[in-house]
Number of protein chains: 2
Amino acid sequence: MAQSETVDRILDAAEELFAERGFSETSLRMITSKAKVNLAAVNYHFGSKNALIQAVFARFLTPFSSTLDRAFDDLEARCGDTPPTLNQTLWVLTESAIRMPQRSERGLSIFMRLLGLAYTQSQGHLRKFLEQQYSNPFGRFMRLLKEATPQLSAVDRYWRIQFMLGATAFTMSSSDALRDILHNKLGVETTVQEIAARLVPFLAAGMQASDPLMVVPSLGKTASG
Amino acid sequence: MAQSETVDRILDAAEELFAERGFSETSLRMITSKAKVNLAAVNYHFGSKNALIQAVFARFLTPFSSTLDRAFDDLEARCGDTPPTLNQTLWVLTESAIRMPQRSERGLSIFMRLLGLAYTQSQGHLRKFLEQQYSNPFGRFMRLLKEATPQLSAVDRYWRIQFMLGATAFTMSSSDALRDILHNKLGVETTVQEIAARLVPFLAAGMQASDPLMVVPSLGKTASG
DNA sequence: CATTGTTGCAAACGATTGTTTGAAACATAC
DNA sequence: GTATGTTTCAAACAATCGTTTGCAACAATG
């Protein structure tokens, strides 16, 4: 692929529209008219709409996964024999995402929303594509999480990782809307970087909570304060 | 509306298909063929596809919101002057959801997934409908959360509530798949109730984390352990 | 009996979807 | 110049979408 002007314009338009409206709610005609290219250009350059969706993800994830891999290398080298802490592991992931060179200032939040949509919208082809392409850095992240929380049983850790994933994917996928609401309610401006910086302590604290299961608060004796 | 057999069959089929595939990915023809009713029945009984989507939510949320309201009444009566704790507030919400009479054993997880989809899929009409219909119990829950976390600033509390929402909606919406994965990996069976009992301590700990923003772990000095 | 209002049904409606086609436009090489 | 391979373009393709229509089936009421 010669990386023509047309290809980039399609990718840019598709990325933005997918993030705004979801995948199946975005038609090729919307994309091509926003990109100011002919309708047939998508099928010519990418082959199908599904392949275009995958290409949008690959354009961000491929450079990101090698950046992340190097960041994990650095982290483990710095720590020597002792495994990295939970906070360090989470922050390396977050920082790697934040530091990625963006096409626009909303670049990261756009892509975070796409990642969130990839989880919630049941695009089977996309799930398989992401699993096949990026299983390595994902598996490494999971290994680091395990070493950073040796006090948790495998079952406890499993569920809490899901809770973390959920909080992250959900928040990031709606980050634009949530920022707008906060701006209207309290007049506060927020960056994606700040959201991430708030998310990490929340996740780390939840991950290290002392009670794995809820102690049901009864009438007389209240649980915790 | 006479609550005919047909209406219920349509609602059952729609609820399940929407949860499986999302709203716009589910056609009326799928719904009516699964419900074994005529295609025109949806527009006859509900008026439009959007009205059907709203009806699916109303069928669960209307009884749930009054149940929740009574549960909050009980909680505040038990606590007297002192505001309920965070754990208590979270658990009352969780328990009210769990105790709701379900149409099937997967009823709650189906509906949790629908709630998650309502947030992520940009269905403007649904957002407005939910806000108009159920602003009261939602606002009351927010008030209780505020009184239970007086140490948090409004901005901190806002974001952490979003994190809680995300972890909950995401986990519950995928609870079936997540339970299957856990069963295959570790051979452990899990109930929705147990997931909820694990979720509450995680959320409470995250909500009460000491650092609102991340303290970047530097090379020499690592943040927390 | 006839009348009326409700529900069920097959068929069609116009609109929109992703994809394909065949020719025009273009650049590059001989 | 001709020939070749790539890219663009308008137009059409078949399929599917939500919705509407006209009529049959049915129960209830007079």
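Convention: sequence-line order gives letters A, B, ...; per-chain numbering from 1. Given the structure is predicted, the values throughout are model-derived calculations rather than measurements.
Contacts classified as salt bridge (charged side-chain N to carboxylate O under 4.0 Å, His left out) and involving residues 186-205 of chain B (residues at least two apart or in different chains) are given here: A:Asp156-B:Arg198, B:Glu194-B:Arg198.
In terms of the side chain to side chain contact (heavy atoms under 4.5 Å, CB included) criterion, residue partners of B:Ala41 (sequence neighbours excluded) are, by chain and number, B:Thr6, B:Ile10, B:Val37, B:His45. By the side chain to side chain contact (heavy atoms under 4.5 Å, CB included) test, B:His125 is found to be paired with B:Asn50, B:Ile53, B:Gln54, B:Gln123, residues two or more places apart in sequence or in another chain being considered. Checked against side chain to side chain contact (heavy atoms under 4.5 Å, CB included), B:Thr94 has the following partners two or more places apart in sequence or in another chain: B:Trp91, B:Ile98, B:Ala196, B:Val200. In terms of the side chain to side chain contact (heavy atoms under 4.5 Å, CB included) criterion, residue partners of A:Ile110 (sequence neighbours excluded) are, by chain and number, A:Glu15, A:Glu16, A:Ala19, A:Arg106. Not counting sequence neighbours, the partners of B:Phe18 by the ring pair (Phe, Tyr, Trp, His ring centres under 6.0 Å) test are B:Phe23.
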- Message: Strictly under 4.0 angstrom, non-hydrogen atoms only: write out the protein contact profile of nucleotides 11-25 of chain C, one letter per nucleotide from the 5' end, B, S or -.
- Response: -B----BBBBB----

For residues 141-149 of chain A, dump all side-chain donor-acceptor pairs below 3.5 Å to protein atoms at least two apart in sequence or in another chain.
from, atom 1, to, atom 2, distance (Å)
A:Thr149, OG1, A:Leu145, O, 2.9
A:Thr149, OG1, A:Arg157, NE, 2.9

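Axis orientation changes by 20° from one end of the helix from C:dC1-D:dG30 to C:dC30-D:dG1 to the other, with each end axis drawn from 5 pairs and the value rounded to 10°.
A salt bridge links B:Asp12 with B:Arg59: the closest approach of a Lys/Arg side-chain nitrogen to an acidic carboxylate oxygen falls below 4.0 angstrom.
Put simply, B:Thr6 has a side-chain N or O that comes within less than 4.0 Å of OP1 or OP2 on C:dG8. OP1 or OP2 of D:dT6 has not a single side-chain nitrogen or oxygen of A:His45 nearer than 4.0 Å.
The distance from atom CD1 of B:Ile53 to atom C1' of D:dG18 is 12 Å, rounded to the nearest whole Å. Straight-line distance from the CD1 atom of B:Ile10 to the P atom of D:dT19: 13 Å, rounded to whole Å.
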